[in-house]
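Just so you know, these numbers come straight off a predicted model, no measurement behind them.
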Amino acid sequence: MCGIVGLFLKDKSLESQLGNLLSDMLITMTDRGPDSAGIAIYGGSAEGKAKITIQSGNPGVDFEGLAADLEKGGIRAHVWVKSTHAVVELEASKLDNVRKALEEIRPAVRIMGSGESVEIYKEIGLPKDVVARFGVRSMKGTHGIGHTRMATESAVTTLGAHPFSTGADQCLVHNGSLSNHNNLRRELVREGMTFETQNDSEVAAAYLTAEMAKGKDLGQALTGALDDLDGFFTFVVGTKSGFGVVRDPIACKPAVMAETDQYVAFGSEYRALVNLPGIENARVWEPEPATVYFWDHDKAA
């Protein structure tokens, strides 16, 4: 049993409130998963820039002097430290270079996510503590997703927490379990995907990344997941401009959605949505089994 939330803003006037609204939604789901928590915020970056969120078990050592060490290797970057995580901003063309550089100069560092827009923060502990540790309430953005975990099939670790990110500006949160993840993992490895954990949810994220690399949009990739993934699942997924939801054909995991002219919201339970502005006038519904729900800022423009 886990708690997942998501918020996709249509109204730009709410963007300054994204972190605060999403934090309240996630904290409300604490009793569905007190082991660890994570949140992804899509907040954009400067023109031509990219961001990579990294995590360290020893941030005092790994983050000290990191910008200077990267510059020695020809990578100019700004580094913002947030507790056990740091956000490295650099030229978008250097994104692959910084991954290789980090492997060499900071081998203990782990990459949480990267792209032009997304920042991902996740750690062991209660949602309220994770939110406070990383200053999530003050973060701005266009959309975001969150997860609070009750581990059932793998260890409680930072890497095992959600969201899982396996592609640029892509991440996934999951409630449920997959039965064919080992076979699918082997297929994805043959296609060139790499994995950080044994978690079945990371396989789901990698599947979507691989499908979108073939030219599908998020909605099309989620439709394919209904045929290719076995098990019980509710997924909430973010891309640079998109937000998607899908439940398996049996749909035994709880889910509720709400939509107004200002936003689309998802929660494992309705109580995650009750403090959203205008919720009393929202269209509220339970997402149908085996049905893809998909919104995209670029396609709406």
Side-chain angles (χ1 to χ4, degrees), residues 19 23 26 34-43 45-46 49-139 141 144 146-149 151 154-171 194-199 201-202 205:
S23 294
L26 187 65
D35 297 334
S36 59
I39 205 159
I41 298 285
Y42 287 85
S45 64
K49 299 288 187 178
K51 298 183 286 188
I52 184 166
T53 311
I54 57 177
Q55 184 270 351
S56 171
N58 193 358
V61 172
D62 285 328
F63 298 157
E64 179 70 28
L66 178 57
D69 289 345
L70 288 171
E71 189 159 7
K72 290 176 185 176
I75 300 172
R76 298 190 64 181
H78 294 285
V79 178
W80 289 274
V81 177
K82 292 188 175 185
S83 185
T84 58
H85 289 45
V87 177
V88 182
E89 186 177 70
L90 68 161
E91 297 294 330
S93 60
K94 299 287 188 180
L95 195 56
D96 289 339
N97 298 40
V98 78
R99 286 178 173 271
K100 294 175 183 176
L102 288 170
E103 289 177 3
E104 295 177 3
I105 66 174
R106 298 292 194 276
V109 158
R110 294 292 176 262
I111 295 173
M112 300 290 99
S114 65
E116 295 179 20
S117 178
V118 73
E119 296 178 22
I120 296 176
Y121 302 93
K122 57 185 186 178
E123 273 295 359
I124 296 168
L126 297 173
K128 68 179 180 62
D129 297 328
V130 173
V131 162
R133 169 179 276 189
F134 299 117
V136 175
R137 287 192 179 278
S138 65
M139 296 184 71
H147 186 276
T148 182
R149 184 179 183 221
S154 55
V156 179
T157 65
T158 301
L159 284 180
H162 302 216
F164 282 99
S165 179
T166 54
D169 285 316
Q170 298 171 16
C171 64
T194 59
F195 294 88
E196 295 280 351
T197 74
Q198 294 301 309
N199 194 295
S201 303
E202 187 181 14

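The line from NZ of K122 to OG of S165 is 8.0 Å long, rounded to the nearest 0.5 Å. Separating the CG atom in N199 from the CZ atom in R149 is a distance of 5.5 Å, to the nearest 0.5 Å. For the atom pair CD (E119) and CH2 (W80), the distance works out to 9.0 Å, reported to the nearest 0.5 Å. Annotation: the span from I75 atom CD1 to L102 atom CG amounts to 7.5 Å, rounded to 0.5 Å. Atom CG of L159 and atom OG of S36 lie 11.0 Å apart (nearest 0.5 Å). Rounded to the nearest 0.5 Å, atoms CG (L90) and CZ (R76) are 12.0 Å apart.
With sequence neighbours left out, the side chain to side chain contact (heavy atoms under 4.5 Å, CB included) criterion links E123 to Q55, T84, H85, V130, R133, F134, T158. Looking at residues two or more places apart in sequence or on another chain, you find a side chain to side chain contact (heavy atoms under 4.5 Å, CB included) between I111 and I52, I54, R99.
Taking each heavy atom of H162 and S201 in turn, the nearest pair found is CE1-OG, 3.1 Å. What you find for I105 and P107 is that their closest heavy atoms are C-CD, 3.6 Å. For S23 against V136, the heavy-atom pair with the smallest separation is OG-CG1, 3.4 Å. Here the closest heavy-atom approach between residue L26 and residue A37 is recorded as CD2-CB, 4.4 Å. Contact detail for A168 and G115: the closest heavy-atom pair is CB-CA, 4.4 Å. Nearest heavy atoms, A50 versus L95: CB-CD1, 4.2 Å.
In this structure a side-chain-to-backbone donor-acceptor pair under 3.5 Å is missing from Y121 to M112. The backbone N or O of G160 sits nowhere less than 3.5 Å from a side-chain atom of T197 that would complete a donor-acceptor pair.
Contact check for E116 versus K51: no side-chain heavy atoms found under the 4.5 Å cut-off.
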N/O donor-acceptor pairs under 3.5 Å from side chains in residues 60-72, not counting sequence neighbours:
unit_1: D62; atom_1: OD2; unit_2: S56; atom_2: OG; d: 2.5
unit_1: D69; atom_1: OD2; unit_2: R106; atom_2: NH1; d: 3.0
unit_1: D69; atom_1: OD2; unit_2: R106; atom_2: NH2; d: 2.8

